[in-house]
Amino acid sequence: MAVLTRGFHGRRGKDADLPPGQYLTRDFPVLSAGPTPTVPLESWSFAITAETGQQSTWTWSQLLALPTETPSVDLHCVTRWSKLGTHWRGVSLDVLFENVETAADFTMVRSYGGYTTNVPLDDLLHGRAWIVYEYEGEPLEPAHGGPARLLVPHLYLWKSAKWVRGIQLMVQDDAGFWEGLGYHMKGDPWREQRYDGI
Ligand SMILES: Nc1nc2c(c(=O)[nH]1)N[C@H]1C(S)=C(S)[C@@H](COP(=O)(O)O)O[C@H]1N2
Ligand SMILES: [Mo]
């Protein structure tokens, strides 16, 4: 019933489940600012670096050994497509941040290949963000960020860095790749935080 209602409204161009200015798609478009990097699992690692320089790192097998969650979430891209009800498996950032000591409020997320995006630390915590490595029951495809990507679905999808390799804590906010080109420092789709200062 809910699905029929959603489709009906979708065809009329309005949908209560969608943030303002978004339309529904059933595809999963690939949006990458550069080529897909190749990351061998033997040399893959993920690091959280505190503002003190203290680092917590995980190898691929250490990541796989952590407790997983299976979030079902909606995705909202700033280019106006939204995809509802996607299924993932990965590790909550609450688990990864458990033993990290920090007084910082901001983070820079860094990817293999050089992509960066800044996310407020609070938005990575409280069960709202994951390092995911499975999509719809399959290993995450390289084009969509495999072996592992950040998933922070309550923000526009450019914040969900593909091929993630680390998160650096920052005392002061700083712009990542798209943010440096005018995209919003936070990027809440429900508030249409697409661009900063426009
Ligand atoms: N490393 C990296 N992560 C990235 C990007 C990118 O170019 N490089 N593009 C971002 C943007 S703008 C979007 S909309 C989503 C797209 O994810 P998808 O290709 O899986 O749909 O990834 C985000 N994460
Ligand atoms: Mo995007």
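Any value given below was found using the heavy atoms of this structure, including those in side chains, with hydrogens, waters and symmetry copies removed. Computed from a prediction, not measured in an experiment: that's the story for all the values here. Just follow the structure's listing: the first ligand is 1, and inside any ligand the first atom is 1.
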N or O contact, Trp81 vs ligand 1, cut-off under 3.5 Å: no

Nearest-0.5 Å distance, NE2 of residue His184 to OH of residue Tyr195: 12.0 Å

For atom 24 (N) of ligand 1, the protein heavy atom that lies nearest, with its residue and separation: Ser160 O, 3.1 Å

More than 12 heavy atoms from other groups under 6.0 Å of CD on Glu101: no

N or O pair under 3.5 Å between His144 and ligand 1: yes

Residue Trp178 vicinity, atoms of ligand 1 by number, heavy atom under 4.0 Å: 12 (S)

Check ion pair Glu179-Lys159 (N to O, under 4.0 angstrom): yes

Heavy-atom gap Pro29 to ligand 1 smaller than 4.0 Å: yes

Residue part near ligand 1, for Phe177, under 4.0 Å between non-hydrogen atoms: neither

Within one Ile-Leu-Val-Met-Phe-Trp-Tyr cluster: Leu41 and Leu150, side-chain cutoff 4.5 Å: yes

Identity and separation of the nearest protein heavy atom to atom 7 (O) of ligand 1: Ala33 N, 2.6 Å

For atom 1 (N) of ligand 1, closest protein heavy-atom neighbour: Lys162 O, 3.0 Å

Test: Asp123 and Lys186 ion pair at under 4.0 Å: yes

Donor-acceptor pair between Ser32 and Lys162 side chains, under 3.5 angstrom: yes

Cation-aromatic face contact Arg165/Tyr112, 6.0 Å, 45 degrees: yes

Residue and atom name of the nearest protein heavy atom (relative to atom 23 (C) of ligand 1), distance in Å to one decimal: Leu157 O, 3.4 Å

Protein heavy atom at shortest distance from atom 16 (C) of ligand 1: Leu31 O, 3.6 Å

Region of Ser111 that comes within reach of ligand 1 [heavy atoms, distance under 4.0 Å]: side chain

Close approach, Arg149 and ligand 1, non-hydrogen under 4.0 angstrom: yes

Reported CG-to-CZ distance for the pair Leu18 and Arg80, which is rounded to 0.5 angstrom: 12.5 Å

Where ligand 1 meets Ala161 - atom numbers and elements under 4.0 angstrom, heavy-atom basis: 3 (N), 24 (N)

Neighbour count >12 (heavy atoms, 6.0 Å) for atom CD, Gln172: no

For Trp163, atoms of ligand 1 separated by under 4.0 Å from a heavy atom: 1 (N), 2 (C), 8 (N)

Any Pro19 side-chain heavy atom under 4.5 Å of Trp190 side chain: yes

Distance, nearest 0.5 Å, that separates OG1 of Thr107 from CD of Gln168: 9.0 Å

Test item, Gly113 contacting ligand 1 (heavy atom, 4.0 angstrom): no

Residue selection (non-hydrogen contact nearest atom 6 (C) of ligand 1) among Tyr115, Phe28, Trp158, Tyr135: Tyr115

Protein heavy-atom partner closest to atom 14 (S) of ligand 1 - residue, atom, separation in Å: Cys77 SG, 3.3 Å

Region of Tyr156 engaging ligand 1 - heavy atom pairs below 4.0 Å: neither

4.0 Å heavy-atom contact, Tyr112 with ligand 1: no

Salt bridge Arg128-Asp122, side-chain N to carboxylate O under 4.0 Å: yes

